[in-house]
Trainee: 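Input: one structure, supplied below.
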Amino acid sequence: MFGHSWRAGVNKIEQIKAEKDGLDVDADIARYAELGWQAIQESDVERLKWWGVFMRRHTPGHFMMRIRIPNGITNAAQLRAIAALAQRHGRGILDITTRQQIQLRWIQFEHVPSILSELGAVGLVTLQTGMDNIRNIVGCAVAGLTRNELFDASPVARAFTDMFVGDRAYTNLPRKFNVTITGCRENCVHAETQDIALVPATAELGGRTIAGFNVLIGGKNGSGGYRIARPLDVFVRPEEAAEVCSAIVLLFRDHGSRDARNKIRFAFLVEEWGETRVRDTLEARLGRALDRAGADERLPEATNHVGIFRQKDVSLSYVGLAIPVGRVTSEQLKEIARLAVAYGTGEVRLTPDQNVVIPNVPDPKLGNLTAEPLLKVLRYDPSAIMAGLVSCTGIEFCNLAVIETKARALKIAQTLESKIHDGKPVRIHWSGCPAGCGNHTVADIGLLGVKAKVDGQTVDAVDVFVGGSSGPQPTQAVKILENVPCDTLPTVLEGLIRYGEPEKLRRRLRAISTPPLTPSPAASPRERVDDAGRRPLLLKDELPDGAGKALVVNGHEIAVFRCAGTLYALLNQCPHEGGSLAGGAMEGDEVICPLHGYGFNLKTGVCSTDPRLQAKTFPVVAQQGGFVIDA
Ligand code: HEM
Ligand code: SF4
Ligand code: FES
């Protein structure tokens, strides 16, 4: 069709695509709206997914519509339009998905044409959100706002989206294709699960330090198993990033297998070829050599942006609200839109953990915003359990589901909340079947729906996975229990959480995995002992003003800073959640933790964000030629 010789396809979907491009079903949408949904041909049921319209066999005559929201960046006008559509045609419920999109439910086919045009009027499309397409480009929900990004990568996500949406060069891939593009250093996008992940990196090119991306490829979830995306050993500048993504997708289009659908995601081509051949072919396609990977700028841990955080502009904050299992009512969505206008700039962001962020709230308005009734339900300060809860659709609407997920996930989380009152946030992710749409493999605790037999009765149960994580050292959650009846989950999960199993297992997994390619300088402190084996020494001019670094002193990891000529030493472990303070920026007499942006006084360690916290400090004593830290 495009003058390319693709691999021959044998599966049913290949035949459907060969007959007619999915995008070309638009002419039939109006016709089916007239004739009624029973008239829809089997092949068009598939093609409609190119238009984001999904027949739900569980609820005959009702459809799900998936709205593409690049980088999760939306606004009050769009949300009001979506809420109104849900109210009128969708029984007043909506789901925020793990690809930062919104799904309408209970749609009757006769309303599809008007819904498409009403969405279009506010700049939204549903195009290419299902089947063998490039799915919504996932990006950091606080791109351009957070202090913890290398740079704002959302324009790249937008540019790439504009390149492929509506373009038939990209609408017949062998299989679905997931991309994330992020400049955020906090690993909030599950990079390891994507076919392409562009993650923040710096490279020394032409004598200058350039901020751009390292490229990871071949991650996946779902049928055929989980694969962690691997480094392609390529650095791309922001201005060439969309073009490189496009070339990788087209390489997959032309060379990917089109046989058994559970063996043809891009990951399998990467495995068959190896990274070197992928890179060589890509360079040939682009007609130029690509730079080799730069220094990985990701921080060690992951966050989800729920809570109140100062933005780059220090007079503004963003407020991340936890949406339990991503389900909102149209009333709630309308209210979110109202709050965004009343307290912010009307902008709203959706996160890959199914949550919502209201950006640009000035300090004087924060108090009133947090007192709004909606924030008692969709909380900025959720419990440790609710903060990390994610669930796929499950049996309520999904024909592949083995068990019910969303309502059950919520109920079990509420029970756990009442039992566990303290501790770190726990990320519990539910997937209702092995497709793994709930990203259970990257969670602290991942639950995968199965059926089990108890006393001869078939009951809903789960396999329990533990210890997954995102970031520069990603770990794949390991299955530790099988066929656990859902009824027993509150007790089982309480035990796992109380005894810290996810963290223990993650540490063990990291210990046996290979070290990251390029550890960041701040993350690899050196033991300091002077020549005579006496106390550790910091040379007089070693640290320029405004800089920090990590040292190991007598077995303690210490962050040392120079501010207005004076040296300060703090334990290099943020009292909030263990962030590496040495990697933080200095503001006035404070260091700002790179993980969540809490500020700590350099001299006293007192936290200005949460006064209950205090970082441990150590005296720095001048000695001949330098300084010693009294640790
Ligand atoms: C065998 C592979 C897969 C199949 C057949 C499949 C199919 C489906 C179906 C039928 C739904 C439910 C639609 C609804 O909500 O009514 C769904 C939802 C979804 N899928 Fe998949 N899926 C697969 C793998 C994946 C993978 C690997 C991901 C990415 C991690 C993914 C991401 C999603 C997302 C984000 C949703 C919306 C769920 C939510 O957040 O509520 N899917 N998928
Ligand atoms: S994981 Fe399975 S049950 Fe859940 S949405 Fe995906 S396909 Fe459906
Ligand atoms: S770890 Fe959260 S602010 Fe430091």
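All ligand and atom numbering here is 1-based and tracks the order in the structure. Given the structure is predicted, the values throughout are model-derived calculations rather than measurements. Reckoned from all heavy atoms, side chains included, excluding hydrogens, waters and symmetry mates.
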Trainee: Is the shortest distance from a Lys or Arg side-chain nitrogen in E396 or R327 to a carboxylate oxygen in the other one below 4.0 Å?
Mentor: yes
Trainee: Please identify which atoms of ligand 2 are closer than 4.0 Å to at least one heavy atom of A401.
Mentor: 3 (S)
Trainee: Residues two or more places apart in sequence or in another chain: which of them pass side chain to side chain contact (heavy atoms under 4.5 Å, CB included) with V450?
Mentor: A461, D463, N483
Trainee: State whether K176 and D132 are salt-bridged, where the test is any N-O pair (Lys NZ or Arg NE/NH1/NH2 against Asp/Glu carboxylate O) under 4.0 Å.
Mentor: no
Trainee: Do any of the N, O or S atoms of C398 sit under 2.8 Å from atom 4 (Fe) of ligand 2?
Mentor: no
Trainee: Closer than 2.8 Å to atom 8 (Fe) of ligand 2: does that hold for any N, O or S atom in C437?
Mentor: no
Trainee: Should you measure from each heavy atom of G432, which atoms of ligand 2 turn up under 4.0 Å away?
Mentor: 1 (S), 3 (S), 4 (Fe)
Trainee: Got a salt bridge between K220 and D195, using NZ or NE/NH1/NH2 to carboxylate O under 4.0 Å?
Mentor: no
Trainee: Heavy-atom contacts with C392 under 4.0 Å: which atoms of ligand 2 show up? List them by number with element.
Mentor: 1 (S), 3 (S), 4 (Fe), 5 (S)
Trainee: Between E417 and S383, what is the shortest heavy-atom contact and its length?
Mentor: OE2-OG, 2.7 Å
Trainee: At less than 4.0 angstrom from any non-hydrogen atom of L400, what atoms of ligand 2 do you find?
Mentor: 7 (S)
Trainee: Does the ring of F54 carry R66 above it, NZ/CZ under 6.0 angstrom from centre and within 45° of its axis?
Mentor: yes
Trainee: Would you please determine whether G438 falls within less than 4.0 Å of ligand 2 on a heavy-atom basis?
Mentor: no
Trainee: Sequence neighbours excluded, which residues qualify as side-chain hydrogen bond (donor to acceptor under 3.5 Å, both in side chains) partners of Q41?
Mentor: none
Trainee: By number and element, which atoms of ligand 2 are closer than 4.0 Å to a non-hydrogen atom of G436?
Mentor: 1 (S)
Trainee: Do any N/O/S atoms of C433 come under 2.8 Å of atom 6 (Fe) of ligand 2?
Mentor: no
